[in-house]
> 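I'd like to ask some things about the structure below.
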Amino acid sequence: MMEENYKLFRVRELADNDEDFVKALVEAFLVEVPEDAERLKQAVAEKDYYTTYQAAHKMKPTIDLFELGVLDDLIEVQDWGKFEKTNDDISEKLHIVLTAVNSTVQELKSDFNL
C-alpha cells in the first residue's frame with residue numbers, strides 16, 4: 001500500500017506530474033532528511049539548542065512537502081531549541097518526528113525501488 005506515512009500530492013503538484021522530477025525529490029528526501037534527523041537526535045541528546053533549532057528548521061519544508069503529518073511536532077522541537085526551553089522535555093515530540101521519518105524512508109525506498 002503506497003503513501004501510508006507520507007503523501008505525494010504536493011510533491012506531484014510541485015513536479016507538475018513529471019515522474020522523473022518526483023523521483024528526484026524522493027531521492028533528495030532520502031539523502032537529506034535521515035541525515036538531518038540524525039543531527040537533530042544528537043543535538044537534543046546533547047542539549048545543543050542552536051543545532052536543534054537549525055536541524056529542525058532545515059527539515060520543515062521537506063516534512064511539510066511530503067506531508068508526514070508531524071510538522072507541528074517538529075516545530076515544537078525547533079522552538080525548544082530556538083527559545084532554549086531548558087525546563088521542557090522534548091523527547092516525546094522528537095520520538096514522534098524520528099519515527100515518522102524512519103517509516104517514511106522505509107516506505108519511499110520500497111515504493112520507488114530505491
Side-chain angles (χ1 to χ4, degrees):
M1 175 65 198
M2 283 182 73
E3 297 185 33
E4 270 179 50
N5 297 291
Y6 67 91
K7 300 282 174 279
L8 284 183
F9 176 75
R10 291 176 56 203
V11 174
R12 291 196 194 288
E13 209 172 40
L14 180 70
D16 209 18
N17 287 318
D18 174 343
E19 282 305 311
D20 288 338
F21 190 35
V22 169
K23 192 169 183 185
L25 289 168
V26 167
E27 285 168 349
F29 181 104
L30 291 174
V31 169
E32 285 170 31
V33 177
E35 216 169 78
D36 292 335
E38 194 50 49
R39 193 164 143 240
L40 186 66
K41 184 181 169 184
Q42 194 73 35
V44 170
E46 292 167 2
K47 290 189 168 41
D48 178 344
Y49 296 103
Y50 182 66
T51 303
T52 297
Y53 166 71
Q54 274 194 319
H57 187 71
K58 183 171 179 257
M59 288 168 73
K60 265 192 335 192
T62 314
I63 296 294
D64 191 26
L65 179 65
F66 279 81
E67 297 187 66
L68 269 63
V70 295
L71 188 63
D72 290 345
D73 303 288
L74 182 61
I75 288 168
E76 281 193 54
V77 176
Q78 172 193 275
D79 288 352
W80 177 85
K82 186 178 184 179
F83 302 111
E84 301 195 8
K85 297 185 179 180
T86 48
N87 297 326
D88 293 4
D89 180 3
I90 202 67
S91 55
E92 195 182 321
K93 295 293 177 185
L94 177 68
H95 180 71
I96 291 168
V97 171
L98 296 177
T99 302
V101 166
N102 291 336
S103 302
T104 300
V105 164
Q106 297 313 315
E107 198 183 349
L108 284 171
K109 281 181 178 173
S110 152
D111 290 349
F112 285 85
N113 299 315
L114 293 167

> Given 3.5 Å as the limit, does a donor-acceptor pair link the side chain of E84 with the main chain of Y49, or not?
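Answer holds: no.
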> At what distance, to the nearest 0.5 angstrom, does CZ of R10 lie from CG of L25?
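R10 atom CZ to L25 atom CG measures 12.0 Å (nearest 0.5 Å).
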> Do the side chains of F112 and F21 join up, straight or via other hydrophobic residues, at under 4.5 Å, putting them in one cluster?
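Both belong to a single hydrophobic cluster.
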> How close do P34 and V105 get, heavy atom to heavy atom, and via which atoms?
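Minimum heavy-atom separation between P34 and V105: CG-CG2, 3.7 Å.
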> Roughly how far apart are K41 NZ and L94 CG, rounded to 0.5 Å?
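Answer rounded to 0.5 Å: 8.5 Å.
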> Among L71, D73, V44, find the residue that satisfies the side-chain contact (heavy atoms from CB on, under 4.5 Å) test when tested with V97.
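Answer to the side-chain contact (heavy atoms from CB on, under 4.5 Å) test with V97 among L71, D73, V44: D73.
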> Any chance you could measure H57, atom NE2, to D36, atom CG, to the nearest 0.5 Å?
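Between H57 NE2 and D36 CG, I get 12.0 Å after rounding to 0.5 Å.
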> Please lay out, stage by stage, how I63 and V33 fare under the test side chain to side chain contact (heavy atoms under 4.5 Å, CB included).
CA-CA 8 Å; I63 296 294; V33 177; 4.2 Å; yes
> Does W80 form a side chain to side chain contact (heavy atoms under 4.5 Å, CB included) with E76? I'd like the steps, not just the answer.
CA-CA 6 Å; W80 177 85; E76 281 193 54; over 6 Å; no
> Where do R39 and Q54 land on the side chain to side chain contact (heavy atoms under 4.5 Å, CB included) test, with the steps shown first?
CA-CA 10 Å; R39 193 164 143 240; Q54 274 194 319; 3.3 Å; yes
> Would you compute the distance between atom CG of L65 and atom CD of E67 and round it to the nearest 0.5 angstrom?
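Answer rounded to 0.5 Å: 8.0 Å.
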> Kindly work out whether a path of hydrophobic side-chain contacts (I/L/V/M/F/W/Y, heavy atoms less than 4.5 Å apart) joins Y50 to L40.
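In one cluster with Y50: L40, no.
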> For K85 versus D79, what's the shortest heavy-atom pair and its separation?
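So the two residues come closest at CE-O, 4.0 Å.
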> With a cut-off of 6.0 Å (strictly less than), are more than 12 heavy atoms of other residues, nucleotides or ligands near NZ of K7?
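Result for NZ/K7: enclosed.
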> What pair of heavy atoms forms the shortest contact from A37 to V101, and how long is it?
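In terms of heavy atoms, the two residues are closest at CB-CG1, 4.2 Å.
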> Quick one, F29 and T104 - any side-chain contact, counting heavy atoms below 4.5 Å?
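SC-SC contact between F29 and T104 confirmed.
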> Would you say E46 has more than 12 foreign heavy atoms packed within less than 6.0 Å of its CD?
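More than 12 heavy atoms, drawn from other residues, nucleotides or ligands, come within 6.0 Å of this atom.
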> From Y53 OH over to F83 CZ, what is the distance, rounded to the nearest 0.5 angstrom?
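Here the rounded value is 8.5 Å.
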> The test is side chain to side chain contact (heavy atoms under 4.5 Å, CB included); show your working for Y6 and V11 and say whether it passes.
CA-CA 10 Å; Y6 67 91; V11 174; over 6 Å; no
> Measuring from atom CD of E32 to atom CE of M59, what distance do you get when rounded to the nearest 0.5 angstrom?
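One finds 11.0 Å between CD of E32 and CE of M59.
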> Just wondering, do D48 and Q42 contact through their side chains at under 4.5 Å, heavy atoms?
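Not in contact.
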> Kindly work out whether a path of hydrophobic side-chain contacts (I/L/V/M/F/W/Y, heavy atoms less than 4.5 Å apart) joins L114 to V22.
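L114 and V22: one cluster.
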> What do you reckon, is NZ of K109 surrounded by more than 12 foreign heavy atoms closer than 6.0 Å?
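Not more than 12 within 6.0 Å, no.
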> Under 3.5 Å, side chain of D89 to main-chain N/O of S91, donor-acceptor pair present?
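Checking the backbone N and O of S91 against the side chain of D89, a donor-acceptor pair under 3.5 Å is found.
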> Can you check whether N5 reaches F66 side chain to side chain, under 4.5 Å on heavy atoms?
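N5 does not reach F66 side chain to side chain.
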